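The block underneath contains the structure these notes are about, expressed in structure tokens.
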Amino acid sequence: TFFDDAKQFDLNTSHVDSERTFFIPSRVLTTTNGSSRKPVMVELRHPSSSLGSRVASSPIKRDEDTSPLIHDHFSQHDENHPRHSSRDRERSFWWQTYSFSSFSKDDPRFSQRGSRISLFLLLFVAIAGLISVFSILHRLNSPYLCIKDGIVLHCPRVKEKPSLWENPFSATTSWKPCAERREGGISDLPSENETSGYLFIHAEGGLNQQRIAICNAVAVAKIMNATLILPVLKQDQIWKDQTKFEDIFDVDHFINYLKDDVRIVRDIPEWFTDKSELFTSIRRTVKNIPKYAPAQFYIDNVLPRIKEKKIMSLKPFVDRLGYDNVPPEINRLRCRVNYHALKFLPEIEQMSDLLVSRMRNRTGSPNPYMALHLRFEKGMVGLSFCDFVGTREEKARMAEYRQKEWPRRYKNGTHLWQLALQKRKEGRCPLEPGEVAVILRAMGYPKETQIYVASGQVYGGQNRMAPLRNMFPNLVTKEELASKEELAAFRKHVTSLAALDFLVCLKSDVFVMTHGGNFAKLIIGARRYVGHRQKSIKPDKGLMSKSFGDPYMGWANFVEDVVITHQTRTGLPEETFPNYDLWENPLTPCMCKA
């Protein structure tokens, strides 16, 4: 039901109250006798506003007999009020003081006493002036009372207007990146022959999993004081792409940037003749490394074997180094590798800049754009074991696919329905394209928003994409932005195409993820590292599943829930915690207080 409501919802229309809200400093509200009192609720209305029952129920009407801002309604015969105004009292006080001073000048008996009184009065005036200055300065930074419709609200003096395209400036200035290398530092690294030995790793998986493995390899080499051989990129059965390190990354920059941290060589040393042994021999391979192993594990179990054999291979090497169980300088080194040392080849950078430029000028004038990482490929849908909208034929084909690919998890299939419900409640299911569209419209993004889609082949094809495309027709991919000839050089390696998506998403004004994974968390972490200014939206899928499943929730309530829930899920600074993910939140080890 949200689709029809959302499409009919005009985001360009806003209902503005004809009343104006005025800001009154909380410290100026006092009673007529100068004593402090409870803040008075004052309501000032625009002349165009109606003067009906709302005015009658106004706090100023109810409290007009005690309001310090209104004086003309006092009766002259009211015995409860003084006959003289405060101005008269002040004038009589200063006149009496002047008369006393004049009298004391003529009378020698009061000359000495009068001079002391005059000095005291001057000192009193000076102190009162200082207090007034400090009070004014303090009031400039004090909270103000926002008074509207008879309700007193404490508001900040200066409040930034919410933006769809960037985080508030005031919330993004407290941290700065500090993982870059030290310029002009003296390297204390031993020579290649004096290190503990050679370390060789296989970086498996897709581009982003390989990126994390490379960062961890540099860190492990530092922990053991070993020489790192340039990692080999080994694709798994899903990617089926033989790409070398130098096909994606700038090798010279990588080695040179880390020259003061770790000794890195391009190839296996010549004295080791049987290079194939590193790929096949068990004697040269360290296996059974636990996931998220501490630094001490490598010192106790891997370092002795490297010293003995002089060259060892680590396999597998996916997530084999922890976060909070390693020294802070090691985590900082991992960030240095990720954000500074690993650079894509110049041709990949240039092509990504061209795609970004075309995204920003699709309307004929400069415009912001959103990057959407849509994870709804057939493999992801099948692996999630979640239930999605579809026909009986689609569900039957998906069940057969799951049984073929993951027979141990599938078993006989009787338990899958309950598992799917539980995973959806916990927010562990990928968002469908239609669900993404509704969430973005509820956040306030208009139909004209330019969206770059980074995705594989969407499960369900155009029928599955129809709700998203109907609500946001300006959806484009890299294949639509660039010609076949421009992309031909990058089709040799699937990893190169993934690198283009990575950079276009990284440089977008707003990045939206729909499911977890290395791609999304590396993007969010990198955007945080440069200052938290760029919005990186991480939908609360657990809460959204409850809203989507509530048949009684209207569009207005849904919009309110979405906006409130995601105010702090936009890539703002977050405190780290034990076992946190360094790649998604590099705050503590890799960033410093600004």
Side-chain angles (χ1 to χ4, degrees), residues 188-205 208-234 236 245 254-255 258 260-269 271-338 341-342 518 576 578-583 589-590:
D188 56 352
L189 285 178
S191 63
E192 182 178 337
N193 297 328
E194 296 177 353
T195 59
S196 303
Y198 292 85
L199 179 65
F200 182 77
I201 67 124
H202 297 80
E204 300 175 341
N208 303 288
Q209 188 169 309
Q210 292 170 349
R211 189 184 189 96
I212 294 175
I214 294 169
C215 297
N216 289 340
V218 174
V220 169
K222 180 69 173 178
I223 291 172
M224 299 187 296
N225 191 26
T227 298
L228 177 65
I229 301 172
L230 200 67
V232 171
L233 308 186
K234 183 181 179 182
D236 54 21
F245 191 102
F254 177 73
I255 296 176
L258 298 172
D260 295 335
D261 296 298
V262 176
R263 187 75 61 190
I264 303 175
V265 296
R266 291 174 176 266
D267 204 353
I268 301 171
W271 56 264
F272 190 77
T273 55
D274 191 4
K275 297 183 179 181
S276 60
E277 186 179 355
L278 278 177
F279 296 89
T280 58
S281 177
I282 299 179
R283 294 180 304 170
R284 295 284 181 180
T285 304
V286 179
K287 293 188 175 182
N288 301 322
I289 301 176
K291 275 196 170 186
Y292 308 111
Q296 194 63 38
F297 176 88
Y298 289 92
I299 296 175
D300 296 339
N301 299 278
V302 182
L303 182 57
R305 298 193 63 182
I306 289 181
K307 288 182 177 180
E308 177 188 357
K309 300 290 185 180
K310 295 302 179 183
I311 181 169
M312 292 296 295
S313 171
L314 304 184
K315 184 181 179 181
F317 197 67
V318 178
D319 296 330
R320 289 310 193 266
L321 184 63
Y323 302 119
D324 58 338
N325 51 8
V326 299
E329 59 269 18
I330 295 298
N331 281 333
R332 194 173 299 112
L333 175 60
R334 294 156 93 178
C335 289
R336 188 174 304 131
V337 179
N338 186 27
L342 277 178
N518 294 321
T576 54
N579 298 319
Y580 70 95
D581 197 319
L582 175 72
W583 313 114
C590 308

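Everything numeric in this text was worked out from a predicted model, so none of it was measured.
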_Please report the interatomic distance CD1(I229) to CE(M312), rounded to the nearest 0.5 Å._
11.5 Å

*Side chain of N325, backbone of Y292: donor and acceptor closer than 3.5 Å?*
yes

*asked:* Do P589 and I330 make a side-chain contact, defined as non-hydrogen atoms from C-beta onward lying under 4.5 Å apart?
replied: no

*Would you indicate whether the side-chain heavy atoms of W583 and N518 approach each other to under 4.5 Å?*
no

*Regarding R211 and N208, is there a side-chain donor-to-acceptor distance under 3.5 Å anywhere?*
no

_Looking at every non-hydrogen atom in both residues, tell me the closest pair between S281 and T285 and how far apart they are._
O-OG1, 2.9 Å

*May I ask you to check whether Y198 and F272 place their ring centres under 6.0 Å from each other?*
no

*Rounded to the nearest 0.5 Å, how far does CE of M224 lie from CZ of R305?*
11.5 Å

*Shortest non-hydrogen contact between I214 and F245, atoms and distance*: CD1-CE1, 3.4 Å

*Flag the pair C215 / L342 as yes when at least one side-chain heavy-atom distance between them is below 4.5 Å, and no otherwise.*
yes

*V262 vs V337 side-chain heavy atoms within contact, under 4.5 Å*: no

_Exam field: side chain S196 to backbone N225, donor-acceptor pair closer than 3.5 Å_ = yes

*Taking the side chain as every heavy atom from C-beta outward, state whether E204 and Q210 have any pair of such atoms under 4.5 Å apart.*
no

_Contact check, side chains of R320 and L314, non-hydrogen atoms, under 4.5 Å_ = no

_Are the side chains of I306 and Y298 in contact, using a 4.5 Å heavy-atom criterion?_
no

*For the student: nearest non-hydrogen atoms of A226 and L199, plus distance*: CB-CB, 4.4 Å

_Shortest non-hydrogen contact from N331 toward Y323_ = ND2-O, 2.8 Å

*asked:* Return the CZ to NZ distance between R284 and K310, rounded to the nearest 0.5 Å.
replied: 11.0 Å

*So do the side chains of N216 and I201 get within less than 4.5 Å of each other, counting heavy atoms only?*
no

_Nearest 0.5 Å, please: how far is NZ in K222 from CZ in R334?_
15.0 Å

*Mind checking the CD1-NZ spacing from I282 to K287? Nearest 0.5 Å is all I need.*
5.5 Å

*At their closest point, which heavy atom of K315 faces which heavy atom of H202, and how far apart are they?*
CD-ND1, 4.2 Å

*Starting at CG of L303, measure out to CD1 of I223 and round the result to the nearest 0.5 Å.*
10.5 Å

*Taking all atoms of both residues into account, what is the closest heavy-atom pair of V326 and P294, and its distance?*
CG1-C, 4.5 Å

